[in-house]
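Here the structure comes first, spelled out in structure tokens, and everything after it is commentary.
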Amino acid sequence: MCNACVINNVKSSMVSRRDFFRKTAAAGLAATAAGAMSARPALAQASGKVVDLTHVLDGEFPTFDGKPGILFTENVNFDASGYQIWELTIFEHSGTHIDAPLHFSKDGTSVAELDPQNLICPLCIVDIKAKAAEEPNAMVEPEDIEAFTSAHGAIPQGACVAMNSGWQDKVGDASYRNNAEGNFAFPGFSKAATDMLIEMGASSIGVDTLSLDPGNSADFAVHYSWLPSGRFGIENLANLDQLPATGATLFVGAPKHRNGTGGPARVMAMI
């Protein structure tokens, strides 16, 4: 997610990771984060079935600012040269993509600097489809996390916790991004829930919508807390209904461009 008003908001309230930990007196949080980032998560045994969690990226896929996330220009023509190449113009936060810590912190970890050990991890899927059907700006709340752990057990250290709101079904329709009045409207995480996930040792979160925060968020509280803590997020996930709530291993093909605040990624799960 990224547009002009968000960028201005980011510039006005951007904090460094050092400031984040200092201002929140989060020595404990820092220690928890360090443990989560360094500990190798236990991966489930897999049958070998792979589920692609990545949307095809083209100029029609919805973006936060409404502009095409990728542009194609012919660089080499097959008929003329016997081979073909496209020149691509890609905006980092488009399609199924990574939000790196640097996206919402001045000196955070870039997408190229993400620890590879956190890119292969246990996947936990929190299903909020029922309440998202009633309220477009529904959020994953602490009670949803508690219900998940009650039903499925503890969230593994280093896990990615993904929200399944059923929003994939709206891709190709204006309602994926906006309500009838033209306002942003889509589910996301609440800060209270992601604060809980930090304490539990999760290393990433994912959503099947345009943003980690719900569409009606005025302060991007999850972006401003989760990302500066050194963790990353994944937006616009696909096919979460094809996976069990637990037991899958996530593979995040994060891009690796210098100083990247994020970027389109190939994300897959094995069960």
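We're numbering straight along the sequence, starting at 1. Any value given below was found using the heavy atoms of this structure, including those in side chains, with hydrogens, waters and symmetry copies removed.
- Asp213 has no carboxylate O lying under 4.0 Å from a charged side-chain N of Lys191, or vice versa, which leaves the two without a salt bridge.
- Of the N and O atoms on the side chains of Gln168 and Asn239, at least one donor lies less than 3.5 Å from an acceptor on the other residue.
- Between His93 and His103, the two ring planes are parallel [angle under 30°; tilted spans 30° to 60°].
- The shortest heavy-atom contact between Glu92 and Pro264 is O-CD, 3.3 Å.
- Pairs engaging residues 111-163 under the ring pair (Phe, Tyr, Trp, His ring centres under 6.0 Å) rule: Phe148-His152 [sequence neighbours left out].
- Arg231 CZ to Leu114 CG: the interatomic distance, rounded to the nearest 0.5 Å, is 13.0 Å.
- Closest approach of Pro244 to Ile271, counting heavy atoms only: CD-CG2, 3.9 Å.
- When atom types are taken as modelled, the side chain of Ser175 and the backbone of Asn179 share no donor-acceptor pair closer than 3.5 angstrom.
- Evaluation of the ring pair (Phe, Tyr, Trp, His ring centres under 6.0 Å) test over residues 112-137, restricted to residues two or more places apart or in two chains, returns none.
- Taken from CD1 in Ile128 to CG in Asp144, the straight-line distance is 6.5 Å, to the nearest 0.5 Å.
- Listed here is the closest heavy atom pair of Met139 and Phe189: SD-O, 4.0 Å.
- Residues Lys129 and Asp241 are paired through a salt bridge, judged by an N-O separation under 4.0 Å between the basic side chain and the carboxylate.
- The CG atom of Asp127 sits 9.5 Å away from the CG atom of Leu240 when rounded to the nearest 0.5 Å.
- To the nearest 0.5 Å, atoms CG (Asn236) and NE2 (His55) are separated by 6.0 Å.
- Using the six-membered ring where Trp is involved, His223 and Phe104 have ring planes that are tilted, between 30° and 60° apart.
- In this structure, Ile234 CD1 and Met163 CE are separated by 12.5 Å, a value rounded to the nearest 0.5 Å.
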